[in-house]
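Order of the sequence lines sets the chain letters (A, B, ...), proteins ahead of strands, with each chain counted from 1.
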Protein chains: 2
Amino acid sequence: MILEEIQKSHRHLTASEVYDLVRERLPNISLGTVYRNLEVLSDLGLIRRLDLGDTKRRYDFTTEKHYHIRCVKCGRVEDIDIENLDSLCPKGDGDRGWRIIDHNLEVLGICPECNHNANSNKQNKEETHV
Amino acid sequence: MILEEIQKSHRHLTASEVYDLVRERLPNISLGTVYRNLEVLSDLGLIRRLDLGDTKRRYDFTTEKHYHIRCVKCGRVEDIDIENLDSLCPKGDGDRGWRIIDHNLEVLGICPECNHNANSNKQNKEETHV
DNA sequence: CTTCTTGCAAATGATTTGCACGCTA
DNA sequence: TAGCGTGCAAATCATTTGCAAGAAG
C-alpha cells in the first residue's frame, strides 16, 4: 500500500488529493481504488477518517485523538492544541441511555493566508476609494 | 414560510424530512424550494444549519449554541447537555494567526433504541445457539 | 412591466459499486 | 482453477442550479 507511504505528507488529505499524490508514482491507479484502500486503511486503524462539517472526507496521518481547525474560506485543515475532552462527555451509558462511543471537536476559523488576503483586498478597496 | 412552522417538530431534521413534513400541507412544494428556503432561514438566523460528520445536513429549530449527540447506527441526532466550550478554544487571533470564528462538538454514540435492538439480537443469537 | 418565488429537471460533486480482467496461490 | 485487487464506467445520494411560468406589487 503505497497510499500509506503518501500519508507521510503530514497533512489532512482528501481522497482526490491522495489520488493526485499517488498517481505521481502509479499513473494508472484509479480513484475508486484509492477510495477502497483509504477505507481499508482506516478500518485497520492505520489512518483516521475525518468526517468534519465539510463536504469532503479527509484522512489523517495520525490516529491519535486530537482536534482540528478548519478554514471556512479555503477548507484547509490543521491540528489544534486543545486538551482532551473525554472528561466533559457523559461517560459510559450516561446520557438518557445512550452508549457513548466518541466525540469530535472542530474549530472553525480563517487561516492566516485567507486572513491576509482579506486584508489586502480591504487595503486595495480603500486605496482605490481615495 | 410554513417551513418555520414545521421546525416546531423540535427535532433535528434533514432537508428531505422537512420536505416530507411540509408536503403534507403543500403537496406541490418541490425539494428545491425546501432547500432554498432552509438556506434563507438559516441565513436569517431563524434556524441553525448543522453540518455534523454525517452525509446529510440537518437543521436545528433553535439557534442557541449547544452540542449534539448522534447515533452511529440510525443517524438520530439529539441535544446533549455539555457546558459551553468557548473558553477552551483559542481566543481571537489565537492559534498561529488563525482568526477563530466558532466551534462544533459532536458526540457519537448508540441511542437507546439501537442499543436495545442490538441486545435483543444478541439475546436471539444466544438463544438459537443453545 | 418588473421582480420575486416557484416547480421541474438537469447538473454537480463526493463517494460507492458492478463488472470483467489479470495476477497469484 | 479459485479468488483477490484493480481499472473503468455507471450508479447513488445529497445538494445546487438554470430556466420558464405564475404571483405580487
**Q** Measure CG/A/Leu52 against P/C/dA14 and give the value in whole Å, please.
**A**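 The answer, rounded to whole Å, is 15 Å.
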**Q** Does a side-chain heavy-atom distance below 4.5 Å link B/Glu64 with B/Asp79?
**A**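 Of all side-chain heavy-atom pairs linking B/Asp79 with B/Glu64, none is under 4.5 Å.
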**Q** For D/dC8, does either OP1 or OP2 sit under 4.0 Å from a side-chain N or O belonging to A/Asn28?
**A**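 Indeed not, no polar side-chain atom of A/Asn28 lies that close.
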**Q** Which whole-number value in Å describes the distance from B/Tyr19 OH to D/dT15 P?
**A**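 Checked: the OH to P distance equals 14 Å.
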**Q** Does the side chain of A/Arg58 get closer than 4.0 angstrom to OP1 or OP2 of C/dA14 through an N or O atom?
**A**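 For C/dA14, neither OP1 nor OP2 has a side-chain N or O of A/Arg58 closer than 4.0 Å.
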**Q** With a 4.0 Å cut-off on N to O distance, would you call B/Glu113 and B/Arg76 a salt bridge?
**A**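 A salt bridge links B/Glu113 with B/Arg76.
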**Q** Measure from CG on A/Leu44 to P on D/dG5 and round the result to the nearest Å.
**A**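 After rounding, the reported distance stands at 11 Å.
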**Q** Look at the side chain of A/Arg70 and the backbone N and O of A/Gly53, then say whether any donor-acceptor pair between them is shorter than 3.5 Å.
**A**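 Judged by distance alone, yes, a pair lies under 3.5 Å.
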**Q** What is the distance from CG of B/Leu41 to P of C/dT5, rounded to the nearest Å?
**A**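 Those two atoms, CG and P, are 12 Å apart.
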**Q** Is the base of D/dG7 touched by the side chain of A/Arg23 through a donor-acceptor pair closer than 3.5 angstrom?
**A**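 No, the side chain and the base share no sub-3.5 Å donor-acceptor pair.
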**Q** Less than 4.0 Å between a side-chain N and a carboxylate O, is that true for A/Asp60 and A/Arg11?
**A**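 Here A/Arg11 does not pair with A/Asp60 in a salt bridge, since their nearest N and O are not under 4.0 Å apart.
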**Q** At less than 4.0 Å, is any side-chain N or O atom of B/Thr33 found next to OP1 or OP2 of C/dG7? Yes or no.
**A**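 Yes.
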**Q** When the axes are fitted on five pairs at both termini, how much does the helix from C/dC1-D/dG25 to C/dA25-D/dT1 curve, in 10° steps?
**A**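 Comparing the axis at each end, I get an angle of 10°.
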**Q** Could you tell me whether A/Asp51 and A/Arg49 have a side-chain N and a carboxylate O separated by less than 4.0 Å?
**A**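 Between A/Arg49 and A/Asp51 there is a salt bridge, with a charged N closer than 4.0 Å to a carboxylate O.
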**Q** With the side chain of A/Ile29 defined as its heavy atoms from C-beta on, choose the nearest nucleotide among D/dG7, C/dG7, C/dT15.
**A**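 Taking heavy atoms from C-beta onward, the closest nucleotide is D/dG7.
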**Q** Any side-chain N or O of A/Arg57 below 4.0 angstrom from OP1/OP2 of C/dT16?
**A**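 Yes, A/Arg57 has a side-chain N/O under 4.0 Å of OP1/OP2 on C/dT16.
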**Q** Which of these passes ring pair (Phe, Tyr, Trp, His ring centres under 6.0 Å) with B/His12: B/Tyr59, B/Phe61, B/Tyr67?
**A**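 With B/His12 as partner, ring pair (Phe, Tyr, Trp, His ring centres under 6.0 Å) holds for just one option, B/Phe61.
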**Q** What is the distance, to the nearest angstrom, from the CG atom on B/Leu26 to the C1' atom on C/dG7?
**A**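 So the two atoms are 13 Å apart, to the nearest Å.
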**Q** Given atom CG of A/Asp43 and atom P of C/dT16, what is their separation to the nearest angstrom?
**A**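 So the two atoms are 11 Å apart, to the nearest Å.
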**Q** Ignoring hydrogens and geometry, is there a side-chain-to-backbone donor-acceptor pair from A/Glu17 to A/Thr14 under 3.5 Å?
**A**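 Answer holds: yes.
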**Q** Measure from the side chain of A/Leu31, starting at C-beta and using heavy atoms only, and say which of D/dC19, C/dT15, D/dA14 lies closest.
**A**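 Selected nucleotide (nearest to the side chain): C/dT15.
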**Q** Does the A/Thr33 side chain pair with the main chain of A/Ile29, one donor and one acceptor, at a distance under 3.5 Å?
**A**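 A pair under 3.5 Å: no.
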**Q** Looking at the side chain of A/Ser30, which of D/dT15, D/dT6, D/dG7 is the nearest nucleotide?
**A**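 Nearest listed nucleotide: D/dG7.
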**Q** Rounded to whole Å, please give me the gap between CD in A/Glu39 and C1' in C/dT15.
**A**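 It is 10 Å, rounded to the nearest whole Å.
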**Q** If only side-chain N and O atoms of B/Tyr35 are considered, is one of them under 4.0 Å from the OP1 or OP2 phosphate oxygen of D/dT15?
**A**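 Checking D/dT15 against B/Tyr35, a side-chain N or O does come within under 4.0 Å of OP1 or OP2.
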**Q** Please compare A/Arg36 and A/Ala15 by the position of their nearest nucleotide in DNA chain C and report the one closer to 5'.
**A**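 Whichever sits nearer the 5' end wins; that is A/Ala15.
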**Q** What integer distance in Å separates A/Arg49:CZ from C/dA14:C1'?
**A**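 Distance, rounded to whole Å: 12 Å.
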